[in-house]
Number of protein chains: 6
Amino acid sequence: MFLHKQALQYKSTPEKPDAVYARKLQEVIGGQYGEITVAMQYSFQAWNTHIPGKYRDLLFSTAAEEFGHVEMLATMVAQLLEKAPVGATEEAVQDDPAVAAVIGGTDVQQAIVAGAGARPVDSNGNPWSAAYVTASGNLLADFTSNVNAEMQGRLQVARLYHMTDDPGVRDMLAFLLARDTMHQNQWLAAARELQEESKENLPVPSNLPQSKEHQEYSYQAINFSDGEQMADGSWARGTAPDQLGEFTYVPTPMDGTPMPPPTHPDARFFGTTGVPNVAEQAAATAQDKLKRE
Amino acid sequence: MFLHKQALQYKSTPEKPDAVYARKLQEVIGGQYGEITVAMQYSFQAWNTHIPGKYRDLLFSTAAEEFGHVEMLATMVAQLLEKAPVGATEEAVQDDPAVAAVIGGTDVQQAIVAGAGARPVDSNGNPWSAAYVTASGNLLADFTSNVNAEMQGRLQVARLYHMTDDPGVRDMLAFLLARDTMHQNQWLAAARELQEESKENLPVPSNLPQSKEHQEYSYQAINFSDGEQMADGSWARGTAPDQLGEFTYVPTPMDGTPMPPPTHPDARFFGTTGVPNVAEQAAATAQDKLKRE
Amino acid sequence: MFLHKQALQYKSTPEKPDAVYARKLQEVIGGQYGEITVAMQYSFQAWNTHIPGKYRDLLFSTAAEEFGHVEMLATMVAQLLEKAPVGATEEAVQDDPAVAAVIGGTDVQQAIVAGAGARPVDSNGNPWSAAYVTASGNLLADFTSNVNAEMQGRLQVARLYHMTDDPGVRDMLAFLLARDTMHQNQWLAAARELQEESKENLPVPSNLPQSKEHQEYSYQAINFSDGEQMADGSWARGTAPDQLGEFTYVPTPMDGTPMPPPTHPDARFFGTTGVPNVAEQAAATAQDKLKRE
Amino acid sequence: MFLHKQALQYKSTPEKPDAVYARKLQEVIGGQYGEITVAMQYSFQAWNTHIPGKYRDLLFSTAAEEFGHVEMLATMVAQLLEKAPVGATEEAVQDDPAVAAVIGGTDVQQAIVAGAGARPVDSNGNPWSAAYVTASGNLLADFTSNVNAEMQGRLQVARLYHMTDDPGVRDMLAFLLARDTMHQNQWLAAARELQEESKENLPVPSNLPQSKEHQEYSYQAINFSDGEQMADGSWARGTAPDQLGEFTYVPTPMDGTPMPPPTHPDARFFGTTGVPNVAEQAAATAQDKLKRE
Amino acid sequence: MFLHKQALQYKSTPEKPDAVYARKLQEVIGGQYGEITVAMQYSFQAWNTHIPGKYRDLLFSTAAEEFGHVEMLATMVAQLLEKAPVGATEEAVQDDPAVAAVIGGTDVQQAIVAGAGARPVDSNGNPWSAAYVTASGNLLADFTSNVNAEMQGRLQVARLYHMTDDPGVRDMLAFLLARDTMHQNQWLAAARELQEESKENLPVPSNLPQSKEHQEYSYQAINFSDGEQMADGSWARGTAPDQLGEFTYVPTPMDGTPMPPPTHPDARFFGTTGVPNVAEQAAATAQDKLKRE
Amino acid sequence: MFLHKQALQYKSTPEKPDAVYARKLQEVIGGQYGEITVAMQYSFQAWNTHIPGKYRDLLFSTAAEEFGHVEMLATMVAQLLEKAPVGATEEAVQDDPAVAAVIGGTDVQQAIVAGAGARPVDSNGNPWSAAYVTASGNLLADFTSNVNAEMQGRLQVARLYHMTDDPGVRDMLAFLLARDTMHQNQWLAAARELQEESKENLPVPSNLPQSKEHQEYSYQAINFSDGEQMADGSWARGTAPDQLGEFTYVPTPMDGTPMPPPTHPDARFFGTTGVPNVAEQAAATAQDKLKRE
């Protein structure tokens with residue numbers, strides 16, 4: 001159950017409107033790594049979790065916080081758009097090229113569709129898609145996904161921080177940066193704890209017996225490009241991070257196996273199947289079949 | 001530049017056709033964490049890399065290998081579909097309910113659209129989307145994304161392994177499992193090496209001065225749900241994984257700040273703006289403006 | 001700010017698992033008119049509202065309730081999937097056609113991707129898209145959108161009610177049906193109240209002076225098909241619902257205006273532009289331009 | 001059957017080209033509430049209607065008219081683009097910042113993909129999606145959807161009206177505004193007529209016996225936020241619009257039911273399932289199962 | 001302007017319902033090469049055409065016909081669904097596995113969302129997308145696109161023909177096959193006529209002076225794979241179809257040029273940029289810049 | 001199997017950065033007809049081919065070349081973005097409107113998401129979608145699709161050529177233009193060769209016996225619009241390109257067949273079904289059914 005409180009976790013008011021920046025901020029609302037993604041991702045991970053207790057509590061808590069971040073950003077966007085220009089382009093250009101320039105950089109749907117409001121889309125206007133969400137039921141995999149989401153998210157906020165000099169916006173972003181720092185650390189801590197408690201281990205999923213895989217290929221760094229420095233990395237020698245194997249370096253791919261011959265499905269799929277004579281035979285066969293129907 | 005070789009990295013031939021399984025296998029071809037995703041993701045990461053050398057060599061190499069995995073799987077799918085039934089449903093049901101059951105579980109587009117062939121879609125027929133790709137230019141963030149991708153990928157292959165008992169399919173999957181083990185380990189090793197060489201550190205991006213963020217919130221585990229065990233995790237006390245702060249636990253969210261008042265954009269956006277009298281005034285103003293145009 | 005409480009608004013436990021039904025229930029989680037849509041729609045409407053007070057309070061409240069409905073349904077889906085079959089298809093078909101039939105009707109991504117869990121997708125596996133959301137800043141338009149959403153939603157729940165006979169599932173659906181009844185009524189009441197308080201009126205947006213539109217066409221029921229009964233409806237005669245005009249019936253479309261001549265953009269767009277001789281001239285001109293560059 | 005006539009319902013010619021405005025106009029061609037949406041929506045509603053006669057006649061007629069509106073807008077867009085600039089950006093900027101500003105606001109795909117032509121996309125370039133369409137077979141629900149579509153559509157046209165001062169464009173928009181007025185009124189009239197004729201009633205679907213729902217919750221205004229003014233609306237007291245119940249106000253959500261325990265699907269889904277010892281047991285069990293395969 | 005006539009171009013009534021086949025038929029309604037695609041594609045090509053006359057007349061005519069085909073198919077689908085089963089799955093399985101099998105193969109959204117009606121989606125439930133449409137303004141390119149669309153369309157109808165034995169359905173498909181034959185031929189004829197009239201030629205766009213391209217590569221068949229039979233095709237020797245060059249065969253790709261060095265964007269993008277010492281310097285520089293802000 | 005070589009097929013370095021053009025170039029990377037499309041399309045066609053030998057060799061070869069073109073373009077984009085501005089908008093506008101104008105025309109996700117890098121999206125930021133891919137198993141259809149893809153591709157490159165005057169960019173585009181010339185010719189040659197070898201013929205699929213279609217409609221040019229010049233084309237008289245029929249011209253569509261009566265699905269779909277009295281009866285029936293459950 002979710003309860004709503006009419007307050008923001010942190011102050012979210014710009015010093016002055018900026019419709020171009022309002023578009024850019026959409027990225028962290030409705031982009032691949034925006035706040036909607038993490039709010040929904042942590043929610044579904046919680047709902048799909050198979051163990052009660054601290055991990056699920058953490059997922060529910062962080063999900064709720066992230067919905068609040070969507071709210072902070074949407075509130076900010078609406079304020080940045082408060083003085084968004086409506087006027088005709090021609091007029092604007094004649095009066096002031098700088099104004100026209102600004103218009104070129106705005107999200108026209110924030111104006112036409114939302115009436116100067118926030119939208120659940122990214123900075124190019126792509127609607128948020130649930131295809132961004134990861135919730136597999138395996139917590140080590142999912143916490144790693146969460147670490148990545150918080151890294152990409154903080155990276156984007158850091159970039160956005162330098163695309164404005166509005167003190168109000170920067171104040172809010174400085175808060176979001178801090179929470180992203182927390183959340184990166186928290187998911188890393190949770191991933192470690194899972195491994196220490198031996199609930200999960202590397203490689204994911206660790207409870208698939210490794211005898212099921214062709215282990216001779218499990219620690220080979222095979223080079224499919226011609227970059228010679230691939231041999232120099234820690235992935236080409238020494239013990240692997242999962243502590244279960246030793247890396248070896250293979251400078252050139254194995255020969256591989258010949259491709260199997262092309263398939264010949266039923267003639268009623270009308271694929272292209274043959275050299276002329278064979279084709280005629282196939283056609284004849286097909287005709288026969290077809291006549292029978 | 002990419003060169004193609006008419007061979008497969010590993011044998012990919014089923015013992016017998018299975019059109020239902022051919023649909024399931026689409027997940028690891030064209031799903032969120034299928035082979036197209038990793039092939040494209042590592043390619044774009046390589047093209048967006050700002051440093052030459054071993055990391056980029058690793059990206060190019062793994063990208064090329066993953067395109068070969070798409071090929072192995074597509075080849076397998078075509079063979080699984082080789083005897084896919086075409087016939088009319090009614091007929092099939094009358095003859096044999098089991099056949100009809102099979103038809104219900106197949107991907108009808110593999111038949112109607114591809115003529116018994118593989119498609120760049122997932123197991124529910126969603127076309128592969130480049131929105132799955134992550135390539136930020138920050139290697140620590142991106143390698144973490146890659147670790148996650150290989151974890152989710154190996155998890156899905158492990159599940160698929162248990163959805164067939166065809167020895168030929170399992171043989172190929174056992175190979176893919178091994179390569180996923182390698183790739184999980186390789187990206188973990190690369191992420192560590194980046195940190196050891198001090199090119200990147202936690203939290204990502206590490207070269208944003210931490211003074212830019214509101215550090216009082218950077219290590220607070222704030223509970224937005226009512227699960228009491230959130231306090232028991234390693235994320236609620238002790239040194240954070242980034243070694244830069246100490247976790248503290250905050251059992252209840254701060255009061256927050258009051259929401260700013262709603263915005264009042266230009267009347268020509270025709271939003272709903274007021275109590276009646278004010279509305280009349282606003283309308284009057286709007287009328288004035290409109291008349292002037 | 002959103003707070004989470006580890007309880008469900010209403011009991012959501014099936015009597016027994018049913019993986020086929022778990023797929024169908026996805027429609028009201030992640031479909032066009034599923035609970036994610038209304039939760040997000042009401043949230044964005046609240047954030048884009050220009051007036052504080054009762055309407056915004058209603059939006060925030062209902063948004064929070066709907067997120068709780070997503071949770072109830074996701075919890076239900078996970079339980080319906082608890083005994084979802086993993087086994088190989090071939091085996092299943094040989095053992096029991098009925099089991100195979102069931103497999104054909106399941107969402108294979110609930111198994112392969114979510115490990116027997118709920119997903120933010122519809123019953124055909126399409127990821128939820130924010131393109132479903134409506135939040136225009138005009139409350140009469142948006143409340144009408146909400147009435148529609150609750151109508152479509154209750155209609156789908158009513159259909160789903162008859163696709164199961166599990167008492168636990170029906171118990172939960174009976175609760176959701178009741179809440180959809182409330183929400184249909186509530187948005188209708190709110191839309192009426194807006195009009196009574198004269199904040200908004202028909203036609204939306206009412207504060208556009210009607211003199212701006214070509215009023216001679218504002219109440220014409222023009223018949224573009226050949227169905228003679230179109231003349232019999234209340235839209236073809238009498239006072240219009242907005243009380244501002246009288247409907248008239250026009251049995252055949254006006255002749256209209258001739259299409260303007262086709263456009264001739266710059267030759268460097270390489271469109272097809274002419275009859276031969278003219279084409280040669282155009283080509284010559286284009287060549288000239290191109291040579292100058 | 002559809003027949004085409006080479007004429008436009010109303011004159012659609014701009015006074016002068018305006019490539020920036022050509023982009024904005026895409027919203028009402030290919031946006032969520034653009035003319036393609038209503039044309040397709042009314043068509044599918046007509047094809048899915050279960051009753052012949054006046055309602056279906058109205059649907060077919062309006063669908064055909066709306067396809068003609070797509071044509072009017074596409075024709076207009078092509079003319080607005082007739083002098084769209086092709087030239088190199090650098091050059092443009094050096095010559096005239098205002099020209100460069102204009103370029104920034106255009107839809108680059110109208111140039112690169114369509115060669116200065118209209119496209120079936122919205123003003124941010126998102127391709128039109130059939131996911132916008134509503135056609136449920138229940139006419140009261142669908143007519144309400146249509147009312148909303150015409151409201152959102154007229155609202156967007158009203159906004160677009162104020163983003164240009166080209167008399168030719170405004171002339172065409174004034175016509176579209178009038179038709180949207182008609183269509184809002186017409187669907188409202190049709191919805192009323194359905195209720196008066198007792199074919200449908202509130203709540204939708206009205207032929208589901210209300211005893212099927214948990215009626216104690218059917219008229220409760222439950223407050224899930226902390227806005228105190230929610231109690232002041234007409235949805236919190238008095239008779240509901242469906243005339244079947246009395247609204248009551250519930251200031252705080254019920255306690256709800258405890259969440260059911262997390263699910264434990266088959267171990268071969270490789271989800272995270274337990275505390276260490278239990279995990280070991282589970283792993284052992286899983287191993288056993290796996291060995292048997 | 002489009003006018004609607006309440007008749008079908010050809011009889012579209014099945015002999016008996018078949019809900020599984022109703023799903024399959026969705027492919028040619030709302031798939032990549034379904035009737036919605038060609039109807040919309042020919043419409044937009046007509047609206048973007050730069051020449052009046054016979055080609056545009058042909059486009060408008062065929063567009064209108066194709067909208068009528070959507071109608072025929074939607075009408076057929078509704079009838080195929082007329083007896084679609086609603087009942088609970090469990091019950092169905094217990095009673096008759098064959099019925100359950102059928103349920104597994106149906107489109108559940110046709111039931112839940114459309115109430116046993118047609119939808120603007122493909123046979124896997126993907127909503128039709130305007131991204132399928134091609135309308136470039138260059139008629140030779142677009143007519144070639146149309147030839148392809150009609151080929152893929154006829155191929156799919158041919159496959160569907162063999163997936164049913166219902167005489168009513170086959171009767172309608174036999175009509176659609178004939179029209180696809182006509183349309184393949186018509187676009188081929190139109191493409192030829194364009195070339196004969198010298199309005200367009202190969203290669204498209206023919207009015208780009210060929211001196212603009214690096215002509216030494218314009219007729220080289222370069223082999224990037226290791227298939228030796230590539231040299232045997234008519235593309236490897238002789239005069240090219242455009243009559244402007246002679247094919248030559250290049251058995252191995254050229255060496256190519258070295259990749260340019262990786263880019264170094266502004267430090268405020270926080271990309272990974274260097275070896276440690278350099279990194280320190282870069283960091284220092286970045287810090288300096290950041291301090292100044 | 002794919003191997004990567006760290007070289008580019010042709011030099012791809014701009015003379016100077018141009019962030020606006022970097023956005024435009026995305027069209028030919030990740031657009032409907034960008035290089036990702038052709039690379040993936042030729043790959044899937046090769047994997048779905050039913051005949052070994054020269055055609056498949058050609059497909060594999062061209063697929064590999066096209067992946068290399070993606071690389072050339074991505075490399076170019078990264079360089080065009082190397083000096084992309086990060087700074088705050090306000091500041092930029094104050095300093096120099098021309099700079100602000102440029103910002104308006106850039107792809108903000110190249111900055112915020114990719115850190116000044118290329119992305120797998122089109123010039124409006126739509127992620128590349130596998131829905132663009134065509135691979136049907138019928139080579140004549142697919143080669144025709146390929147001819148179209150290369151035509152549209154070369155057309156877009158020609159347009160892009162005139163949107164820059166950077167010699168480095170133009171040099172690369174001149175190479176791509178040449179390769180598009182080759183590929184247009186090559187697929188045309190391959191399509192002809194297929195027909196000459198009698199593997200495939202018109203109409204596609206040629207091995208469907210023409211007796212299956214209603215041949216009286218196979219060569220009729222029926223006019224559904226009112227353009228009189230449709231009768232003047234080569235599609236209205238003479239022998240059809242498939243050499244199997246004679247075109248005839250039909251100036252007005254046939255009357256057609258009456259629409260079948262609307263469907264009446266099970267009452268539990270809650271569709272709108274009747275005039276009042278009938279409705280009451282239907283409701284009664286529905287109630288009966290519902291009571292029994």
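Below, chain A is the first sequence line, B the second, and so on; all start at residue 1.
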- Item | Donor-acceptor contact below 3.5 Å, side chain His50(B) vs main chain Thr272(E) | no

- Message: Tell me whether Asn126(E) contacts the main-chain N or O of Gly125(B) through its side chain, where contact means a donor paired with an acceptor under 3.5 Å.
- Response: yes

- Item | Part of Glu200(B) lying under 4.5 Å from any heavy atom of chain E | side chain

- Selection from Ala7(B), Gly137(B), Ser136(B) maximising heavy-atom pairs under 4.5 Å formed with chain E: Gly137(B)

- Message: Can you give me the closest heavy-atom contact between Asn207(B) and Ala267(E), atom names plus distance?
- Response: ND2-O, 4.5 Å

- Query: What part of Asp255(E) gets closer than 4.5 Å to chain B, counting heavy atoms only: side chain, backbone, both or neither?
  - Reply: backbone

- How far does CG of Leu3(B) sit from OG1 of Thr252(E), to the nearest 0.5 angstrom? 9.5 Å

- Message: Between Leu140(B) and chain E, with a heavy-atom cut-off of 4.5 Å, which part of the residue counts as in contact: side chain, backbone, both or neither?
- Response: backbone

- Heavy-atom contact with chain E under 4.5 Å, split by part of Ala116(B): neither

- Among Asp107(B), Thr49(B), Val113(B), which has the most heavy-atom pairs under 4.5 Å with chain E? Val113(B)

- Note on the structure: Note: Pro262(E) and Pro52(B) closest approach over all heavy atoms is CG-N, 3.6 Å

- Just wondering, do Leu208(B) and Arg268(E) contact through their side chains at under 4.5 Å, heavy atoms? no

- Message: Using every non-hydrogen atom in the two residues, find where Pro253(E) and Met1(B) come nearest and quote the distance to one decimal.
- Response: CB-SD, 4.2 Å

- Does atom CD of Glu228(E) have more than 12 heavy-atom neighbours, drawn from other residues, nucleotides or ligands, at distances under 6.0 Å? no

- Message: Check whether Asn138(B) reaches the backbone of Phe270(E) with its side chain - one donor and one acceptor, N or O, closer than 3.5 Å.
- Response: yes

- Query: If you look at every heavy atom in Ser225(E) and Lys5(B), which pair is closest and at what distance?
  - Reply: OG-N, 4.4 Å

- Close approach to chain B in residues 151-160 of chain E, criterion heavy atom under 4.5 Å: Gln156(E), Arg159(E), Leu160(E)

- Could you go through the side chain to side chain donor-acceptor pair (under 3.5 Å) check for Asn124(B) and Asn124(E) one step at a time? CA-CA 7 Å; Asn124(B) 266 331; Asn124(E) 267 332; over 6 Å; no

- For chain E, which residues of residues 53-80 of chain B have heavy atoms nearer than 4.5 angstrom: Arg56(B), Phe60(B)

- Query: Phe2(B) and Phe224(E): which non-hydrogen atoms are nearest, and at how many Å?
  - Reply: O-CD2, 3.6 Å

